[in-house]
Amino acid sequence: MADLQSYATLFLVFLVTALLVRTLFLKSQTKVRLPPSPMALPILGHLHLLGPLPHQAFYKLSKRYGPLISLRLGSVPCIVASSPETAKEFLKTHELAFSSRPQNIAVGHLTYGTYGFAFAPYGPYWKFMKKLCVSELLGGRTIDQFEPVRREEMRSFVKLLLEKSKAQETVNLTRELVKLTSNVVSRMAMSKRCSDTEGEADEVRIVVQAVANLVGTFNLADYLGIFHKFDVQGIGKRLNDVHNRFDTIMERIIKEHEEARKKKRMKKEMGGDGVKDFLDILLDISEDENAEIKLRREDIKAFIMDIFVAGTDTSSITPQWALSELINNPTVLEKARKEIDSVVGKSRLVEESDIPNLPYVQAIIKETLRLHPASPISLRECSQDCKIGGYDILAKSMLFINVWAIGRDPKYWDNPLKFRPERFMPSDENGRNPIDLRGQHYHLLPFGSGRRGCPGATLALQVVHTALAIMIQCFTWKAGDGEGKGTVDMTEGPGLTLPRVQPLVCVPVGRLYPFPSIEV
Ligand code: HEM
Ligand SMILES: *[C@@H]1O[C@H](CO)[C@@H](O)[C@H](O)[C@H]1NC(C)=O
């Protein structure tokens, strides 16, 4: 009897222990440890915390919850990285797991359902296009071939400023700089200018701005299933409209290209057939039976749109912020002007080839991109579960790398809010500053980093440096209509990129006239 009882007790103890161990064990196995997170609301999660300027909202959260945060935006799990160390973990140590981008409704809609190149999942199509970008489209040789085009566009930009200065009128630099960069990109992409008033390419610029606005609009339907059905924000309709407008223009331009190619082939003009624009290169590949990937017409159109959206606003905003900082920091402006005068002289216009000899101008651009990165957040998607800093990151999470916050990290930048290009002045024996802009230094990431980093950085830096150097060389600048306090408002506005909330409207005052060849 006693035996039986002790046997039963033993059995019971065994049973309870086994159950306990099992639940404990299973629990510890399935328990995910997410990075710190603020309190979430039901359904919305953390959507209510975002506000119109997500990089600023994330920055505030990171001050409170640390450099690695997990959020839930509606039903989408998200991670925010806000320090150089965490950025390096994602972009270098675990690079492969974060080499895709999240897809959203607007991008899918606008890119013919292909997600184009910039939002393509990491895979064979993206790799093919990336190779093409590096070796041809945005590679050194193509950029060199188009140097005369950029020089021409810089000259007509100066010409416009000269006219304004002679007439003592204000110039809307926000508008003129976006025209400049759109013309550069458009002529490289399809041999058309954007700002010929009646030109169809001007339509392209307007459509591209609309695209940027739409992609930059936070679409609730991406995060909350219910909004998918009822297009509350009316985004679906606008998407359709913009998509159709873009398609009509692109079809027309592609047909023109095809006609011109046919004629050329009939003439069988060998050699001397001029510089091929992106559209020609892409059409060549689409007609090539042996190409590794068969490019469809949709792919070509989506790629051209990508290049416009990724390349024009970003590179026009950067010289705007730079000049705004210079107007507010006259000693920096004066120092830059002295450098240009002593390196370039006063009898010719500064050119792209001068940039390597202008370290202070380069430092100004670095400092501008540190404080005003044109693309303040790099977006990635996690493709497989992984562990970072002891935390679990789940596949399909959206990753926001807050480049804007990283540029203000007081651990890496002393007096981070102060505009001080001197921090980037040459310090190595070759007269170069060791901090690069292309993702080798994780405390300065304006172009992202790694294989998914910006393929247009070389082109962008040529345009941005030259446009700024020209504005410094030829003019002195007065803020506003010349009657204000003489300073420029530095408030940021909402958008896909990092625009100024106020357009930069200035009075250029002629200083040099180093280009007698330009008639005004
Ligand atoms: C100042 C100007 C520019 C800035 C600050 C900038 C910044 C960036 C950033 C931060 C990314 C994401 C990088 C990442 O996820 O690691 C990116 C991607 C990209 N940029 Fe730029 N960019 C600029 C100009 C340009 C130009 C001029 C072009 C082309 C004409 C261009 C084409 C692209 C493309 C195609 C991507 C997507 C690449 C991919 O997904 O693989 N960008 N850019
Ligand atoms: C300046 O140009 C921008 C961009 O084209 C435009 O939105 C803004 O209204 C213009 N501002 C003035 C004062 O002309």
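For ligands, and for the atoms within them, numbers begin at 1 and follow the listed sequence.
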Inset, instruction - Specify whether the nearest protein heavy atom to atom 7 (O) of ligand 2 is under 4.0 angstrom away. - result: no

Inset, instruction - Please confirm whether Thr174 comes within less than 3.5 Å of ligand 2 when only nitrogen or oxygen atoms on both sides are compared. - result: no

Inset, instruction - Can you pull out the closest protein heavy atom to atom 7 (C) of ligand 1? Residue, atom name and distance to 0.1 Å, please. - result: Pro446 O, 3.4 Å

Legend entry - Numbered atoms and elements of ligand 1 in range of Gly311, under 4.0 angstrom, heavy atoms: 25 (C), 26 (C), 27 (C), 28 (C)

Inset, instruction - Please determine if Arg380 has a nitrogen or oxygen closer than 3.5 Å to a nitrogen or oxygen of ligand 1. - result: yes

Legend entry - Contact (N/O only, under 3.5 Å) between Ala118 and ligand 1: yes

Inset, instruction - Check each atom of ligand 1 against the heavy atoms of Ile307 and keep those under 4.0 Å away; list them by number with element. - result: 30 (C)

Legend entry - Sub-4.0 Å heavy-atom approach of Gly453 to ligand 1: yes

Inset, instruction - May I ask you to decide if the ring planes of Phe117 and Trp126 are parallel, tilted or perpendicular, using 30° and 60° as cut-offs? - result: parallel

Legend entry - Numbering as shown, the atoms of ligand 1 that approach Ala374 to under 4.0 Å (heavy-atom distance): 5 (C)

Legend entry - Contact (N/O only, under 3.5 Å) between Ser449 and ligand 1: yes

Inset, instruction - Give yes or no for whether the N/O distance cutoff of 3.5 Å, strictly under, is met between Thr318 and ligand 1. - result: no

Legend entry - Sub-3.5 Å N/O-N/O distance, Arg452 and ligand 1: yes

Inset, instruction - Start with the C-alpha gap between Asn183 and Glu152, add the side-chain angles, then the distance that decides, and say whether side-chain hydrogen bond (donor to acceptor under 3.5 Å, both in side chains) holds. - result: CA-CA 10 Å; Asn183 280 337; Glu152 228 174 87; over 6 Å; no

Legend entry - atom 41 (O) of ligand 1 - nearest protein heavy atom and its distance: Trp126 NE1, 2.8 Å

Legend entry - Atom indices of ligand 2 within 4.0 angstrom of Pro503 heavy atoms, with elements: 1 (C), 11 (N)

Inset, instruction - Answer yes or no on whether Arg408 is positioned over the face of Trp413, meaning its NZ or CZ is under 6.0 Å from the six-membered ring centre and within 45° of the axis. - result: no

Legend entry - Per-atom contacts, ligand 1 versus Gly448 - under 4.0 Å to a heavy atom: 10 (C), 13 (C), 14 (C), 16 (O)

Legend entry - Heteroatom distance test (Lys130, ligand 1): nitrogen or oxygen, under 3.5 angstrom: no

